[in-house]
Asks: 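I have a structure I would like to understand better, so I am pasting it below and will then ask my questions one at a time.
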Amino acid sequence: MKSVDFFEQQFREQVARGDFTLNPFEEAVLPHLSGGVLDLGCGLGNLAIAAAKQGFAVSALDGSRTAVDRVNQAANRLGLPLAAYQIDLSTYAIDGDYDSIVAIGLLMFFPRERAHVLLADIVSHVKPGGIAAINVLTEGTTFVGALEAGNHYLFGENELADAFKGWEILLSRHDEIPAPENTVKKFHTILARRLA
Ligand SMILES: C[S@@+](CC[C@H](N)C(=O)[O-])C[C@H]1O[C@@H](n2cnc3c(N)ncnc32)[C@H](O)[C@@H]1O
């Protein structure tokens, strides 16, 4: 998995530096989390750890060994209700219903069909009254980075919104962030509540 190899290296460097800052998408999502939380593609687990510190029971999944080890070490040290598992999310099916399901910066690392299968899986496993928080790269992104040729998908600008028809949209935000070598990353973040 090129996407995981890319982050594995980045995470090793971040762990060595002690760089565990919440990114702006995680910061936007954190106040809306509650109950049982599933964090898909949790990375270094900054959001998962912050949620567990608030008392929420968190399952955090990622393909990176370094990330999963860091999350579990922090959880054990701090006595948090949080467990991380190393899982290949390109074939994973969600195994239960959750109050909050998060996938920040994950779905673009799969081909379109798989990205939509996992998105539908997320939508169908949020409990009534619960929330889903999804962040993806969109069309117009020119940064290649961890995106593997033929094995990624840039979402249409408003494609995520279609998955949440009939939900209350709490946040829908487009961000454009400069990236190395005069490239750009374009993101869509959506935070939606399933009606109770
Ligand atoms: C852009 S990072 C986002 C991490 C975290 N959600 C955040 O906001 O900082 C993408 C994450 O997806 C994980 N990932 C990518 N492809 C994966 C796969 N096939 N299976 C499991 N994890 C994967 C990477 O290891 C990385 O942690």
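Predicted, not measured: the structure shown is a model, and the values here were computed from it. For ligands, and for the atoms within them, numbers begin at 1 and follow the listed sequence.
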Asks: With heavy atoms of D88 as the reference, note each atom of ligand 1 found under 4.0 Å away.
Replies: 18 (C), 19 (N), 20 (N)
Asks: Below the 3.5 angstrom mark, is there an N/O of S64, backbone or side chain, next to an N/O of ligand 1?
Replies: no
Asks: Got a sec, which residues hit side chain to side chain contact (heavy atoms under 4.5 Å, CB included) with A57, two or more places apart in sequence or on another chain?
Replies: none
Asks: Any side-chain heavy-atom pair from T189 and I134 closer than 4.5 angstrom?
Replies: no
Asks: So is G63 polar-close to ligand 1, meaning N/O to N/O under 3.5 Å?
Replies: yes
Asks: Short list, please: which atoms of ligand 1 are under 4.0 Å from a heavy atom of F109?
Replies: 10 (C), 15 (C)
Asks: Without hydrogens or angle criteria, can the side chains of N46 and R70 be said to hold a donor-acceptor pair below 3.5 Å?
Replies: yes
Asks: Can you check whether G41 has an N/O within less than 3.5 Å of an N/O in ligand 1?
Replies: yes
Asks: Just so I know, are the side chains of L147 and F6 near enough to count as touching, which here means a heavy-atom distance under 4.5 Å?
Replies: no
Asks: Check if V102 has a non-hydrogen atom at a distance under 4.0 Å from any atom of ligand 1.
Replies: no
Asks: Nearest heavy-atom pair of F143 and P180: which atoms, and what distance?
Replies: CE1-CD, 3.6 Å
Asks: Should F6 be listed as contacting ligand 1, given a heavy-atom distance under 4.0 Å as the test?
Replies: no
Asks: Which ligand 1 atoms, with their elements, are less than 4.0 angstrom from a heavy-atom of L89?
Replies: 18 (C), 19 (N), 20 (N), 21 (C), 22 (N)
Asks: Would you please name every residue forming a side chain to side chain donor-acceptor pair (under 3.5 Å) with S64, sequence neighbours left out?
Replies: E8
Asks: Any N/O of F11 closer than 3.5 Å to an N/O of ligand 1?
Replies: no
Asks: Does D62, backbone or side chain, put an N or O under 3.5 Å from an N or O of ligand 1?
Replies: yes
